[in-house]
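Below, chains carry the letters A, B, ... as their sequence lines are ordered, and counting in each starts from 1. Basis for what follows: all heavy atoms, side chains included, without hydrogens, waters or symmetry-related copies. These numbers come from a predicted model, not from an experiment.
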Amino acid sequence: MKNKIVADILYQIADLLDVKGDIFFKTRAYRMAAQSIETLDEDIEIVSKENRLRLIPGVGEALSKKIKEIVETDRLEYFEKLKKEIPRGVIDLLDIPGLGPKKISLLYRHLSITNISDLKKACDGGKLRDLEGFGEISEKNILRGIALREKTSGRVLLNVAYENGNNYIKYLKQCKKIEKISIAGSLRRMKETIGDLDILTSSDTPDEVIEYFVRYPNVNNVLLKGNTKTSVSLNNDIQVDLRVVEKKSFGAALQYFTGSKEHNVKMRSMASKKGLKLNEYGLFDKKTDKYLVGRTEKEVYNKLDLTYIEPELRENRGEIETAIKGELPNIVKHGDIKGDLHVHSRWSDGTDTLENIVNYAKKLGYEYVGIADHSQSLKIAHGLTEKRIDDKIKEIDDLNKKLEGVKVFCSTECDIKPDGALDYNNRVLKKLDFVCIGIHSSFKMNKNEATKRIVKGMENEHVDFLAHPTCRIIGRREPLQLDMEKIFDTAIETDTYLEINSFPDRLDLNDTNSKFAKERGVKFVIGTDSHNISHLPYMHFGIANARRGWLEKDDILNTISLKNLEKKFGCDL
DNA sequence: GCCGTTTTCGGCCCGACTGTTTTCAGTCG
């Protein structure tokens, strides 16, 4: 599957052409095609072989030839030529806030700046101010942008953004001048990492709201301040943008500021084709400029002949086309989850007793909780020997006799060894209510070996689900090289559920993998991988991730009742 | 570079804010 390789090259070409100063619409065409291919539900090699490339939205005559060349030769002459014209480091400058292609091109052509370190030196030396369009303030802003990038790498994990956003909202709700308020942006779409926080409010007195907003105690710096919008950075370097609109524009503004950008571009161009104009103030008649709707998002979508689209779906991955047909899935809701089947206790490397876990699970309204501790070879995590498994089974049996309203299942997160063998033999696995398996070492295998390893694990008759299938850790460990189609097909053949791990730095499977897997017929389980009861609420992020993958309630094992789950696991009733 | 029940050529989403400018280009979302 070369979809990602092709998309990456097209994205890089777009950046290079931007810096070269090519027309905006051309570079946008490259990006649109790249996005189509990135989210394509088919293997680009097959599409290319069957001469169907031009059926991909945004791919025309020129791009189809280039894509074919990449698929067949793993390289593209045109791209190689471009790379020779513009040094790699120049493109990296695009990551610095405040610098776009035009300015970077000036820096490159006039000051021969080809990387961030050169740029820093030039700013320190006051070299930029003589350049047209730059001044002393630009130098300071660029230096601040570079420092910020070095400190934060630009994005934070979903849980960090979620907590910061909710705290800010709590503060803002005390402001009497604010009528309506909502999180917007990528946090509302629950993307796995967040660049900055967007908050939308409605009010008749925007200036007073903005004054209140910038007085938030955690604000470190006010980055910009206008009549309707302002941006601040917090003490932890997270940037927060506020926008204030009138009540009658709140829905249109929320739709607009929730994004994604690609989703919005398509929405606006759809509106335009219908003789309408969509902006953050509402949906208008293009000719008369008459306001039509804008109070709620639903009004806006419906007026454009679409059913309402949930924020998590708004990535231009086919949701608009599906909404036109009225065929959007009824995606899983946060209240649909009946229990957590991936929790570690003090029996291995968790920090809480079974009682603590059960009490917290009850508080969350769960009907069941599965204690999946590490297996014997994971000594560092205090993995259980067979003898200790027997002791744990006994403790759980005794506990279940006392419990009302919630049941504890005894399980394991059994290690899959490098050769694909499981860390317990079948005699041990058989004793457990269900079996979860996962990889915890030797991450650097080649694609073929790693795929074989997981497939062999799933083929064991006692295995129920595969934990964190790709083993990625966001920002720290790349996903395993895997033949995902083979993994998905094996999951279906062996009736193995694939986990959507809710831990904020895992979120594994991710949204695009889940969507692809669902289309093939895979079933899922959402687990938290909790090692402390404070991790149990991470379920929220796993569900959000499943929603982003278009999953419905029926796709997910732990939405079923305790009774049905016991039947499924073949437990004594 | 793509695309077409307004068009095979001339469009391509739209607005706020900043910094450097004398009326606006660049960036951002």
Practice item. Among the candidates dC13(B), dA16(B), dT20(B), find the nucleotide nearest to the side-chain atoms of Ser269(A). Key: dC13(B)
Check your understanding: Using atom C1' of each nucleotide, how far apart are dG26(B) and dT20(B) to the nearest Å?
Key -> 11 Å
Review point. Considering only dG15(B), dC2(B), dT20(B), which nucleotide approaches the side chain of Ile137(A) most closely?
Key: dT20(B)
Check your understanding: Taking atom C1' of dT22(B) as reference, at what distance in whole Å does atom CD of Glu132(A) sit?
Key -> 13 Å
Study note, to complete from the structure: Note: for Leu276(A) and Gly133(A) on DNA chain B, the residue whose nearest nucleotide lies more 5' is Leu276(A)
Revision key, fill the gap. Of the listed dG1(B), dT27(B), dC13(B), the closest approach to the Lys26(A) side chain comes from dG1(B)
Check your understanding: Would you say a side-chain N or O of Lys261(A) is under 4.0 Å from OP1 or OP2 of dC13(B)?
Key -> no
Review point. Quick one: Phe257(A) CZ to dC17(B) C1', roughly how many Å, whole number?
Key: 12 Å
Review point. Using 4.0 Å as the upper bound for N to carboxylate O, is an ion pair formed by Lys20(A) and Glu85(A)?
Key: yes
Check your understanding: Can you tell which of dT27(B), dC13(B), dC2(B) lies closest to the side chain of Phe25(A)?
Key -> dC13(B)
Practice item. Rounded to the nearest angstrom, tell me the gap between atom CD1 in Ile104(A) and atom P in dT27(B). Key: 7 Å
Check your understanding: With a non-hydrogen cut-off below 4.0 angstrom, is Thr228(A) in contact with a base, only sugar-phosphate, or nothing?
Key -> sugar-phosphate
Check your understanding: Choosing from dC17(B), dC2(B), dG15(B), which nucleotide comes nearest the side chain of Leu224(A)?
Key -> dC17(B)
Practice item. Find the distance Lys103(A):NZ to dC28(B):P and express it as a whole number of Å. Key: 9 Å
Check your understanding: When rounded to the nearest 0.5 angstrom, what is the spacing between CD in Glu208(A) and CD1 in Ile178(A)?
Key -> 11.0 Å
Review point. Between Lys66(A) and Glu72(A), is there a salt bridge with N-O shorter than 4.0 Å?
Key: no
Practice item. Please state the P separation for the pair dT18(B) and dC13(B) - nearest whole angstrom. Key: 26 Å
Check your understanding: Hey, is the side chain of Asn141(A) poking within less than 4.0 Å of OP1 or OP2 on dG19(B), counting only N and O atoms?
Key -> yes
Review point. Hey, does Glu136(A) reach any base, or is it just sugar-phosphate, or nothing, if we go heavy atoms under 4.0 Å?
Key: sugar-phosphate
Practice item. Please tell me which of Ala62(A) and Leu223(A) maps to the more 5' nucleotide of DNA chain B, matching each residue to the nucleotide holding its nearest heavy atom. Key: Ala62(A)
Review point. Between dG4(B) and dT8(B), how far is it from one P atom to the other, in whole Å?
Key: 13 Å
Review point. Any ion pair linking Glu42(A) and Arg52(A) (charged N to carboxylate O, less than 4.0 Å)?
Key: yes
Exercise for review: Rounded to the nearest angstrom, tell me the gap between atom CE in Met267(A) and atom P in dC12(B).
Suggested key: 19 Å
Review point. Say you pick atom C1' in dG19(B) and the same atom in dT23(B); how far apart are they, in whole Å?
Key: 14 Å
Point to revise | Nucleotide paired to dC14(B) in any strand shown, Watson-Crick or G-U, under 3.5 Å | key: dG29(B)
Check your understanding: Closer than 4.0 Å, any side-chain N/O of Tyr281(A) to the OP1 or OP2 of dC13(B)?
Key -> no
Review point. Mind checking the P distance from dC12(B) to dT6(B)? Whole angstroms is fine.
Key: 16 Å
**Study point:** Nucleotide dC13(B), atom C1' - distance to CZ of Arg28(A) in whole Å
**Key:** 7 Å
Check your understanding: Quick one: is Lys66(A) getting a side-chain N or O under 4.0 Å of the dG1(B) phosphate, OP1 or OP2?
Key -> yes
Exercise for review: Measure from the side chain of Arg268(A), starting at C-beta and using heavy atoms only, and say which of dG1(B), dT20(B), dC14(B) lies closest.
Suggested key: dC14(B)
**Study point:** Sidechain N-carboxylate O distance under 4.0 Å for Glu315(A), Lys191(A)
**Key:** no
Practice item. Quick one: sort the Tyr538(A) and Phe541(A) rings into parallel, tilted or perpendicular, breaks at 30° and 60°. Key: tilted
Study note, to complete from the structure: Separation of dC28(B) atom P from Lys229(A) atom NZ, nearest Å, is 11 Å
Practice item. Have a look at Ile23(A) and say if it touches a base, only the backbone sugar-phosphate, or nothing, with a 4.0 Å heavy-atom cut-off. Key: base
Check your understanding: Taking the same atom, C1', in dT21(B) and in dT27(B), what whole-Å distance lies between them?
Key -> 16 Å
Exercise for review: Would you please classify the geometry between the Tyr216(A) ring and the Tyr171(A) ring as parallel, tilted or perpendicular, with 30° and 60° separating the classes?
Suggested key: tilted
**Study point:** Side chain of Lys277(A) (C-beta onward), nearest among dG15(B), dC13(B), dC2(B)
**Key:** dG15(B)
Study note, to complete from the structure: Closest to the side chain of Ser138(A), out of dA16(B), dC14(B), dT20(B), is dT20(B)
Check your understanding: Which part of the nucleic acid, if any, lies within reach of Lys225(A) when heavy atoms closer than 4.0 Å are counted: base, sugar-phosphate only, or nothing?
Key -> sugar-phosphate
Point to revise | Phosphate contact (dC17(B) OP1 or OP2) by Ser231(A) side-chain N/O below 4.0 Å | key: no
Practice item. Can you figure out which of dC14(B), dT27(B), dC13(B) approaches the side chain of Val265(A) most closely? Key: dC13(B)
Practice item. Take atom CD of Glu61(A) and atom P of dT8(B), then tell me their distance rounded to the nearest Å. Key: 18 Å
Review point. If only side-chain N and O atoms of Asn264(A) are considered, is one of them under 4.0 Å from the OP1 or OP2 phosphate oxygen of dC13(B)?
Key: no
Review point. When rounded to the nearest 0.5 angstrom, what is the spacing between CD in Gln255(A) and CZ in Arg314(A)?
Key: 6.0 Å
Point to revise | Short side-chain N/O contact to dC3(B) OP1/OP2 from Arg54(A), under 4.0 Å | key: no
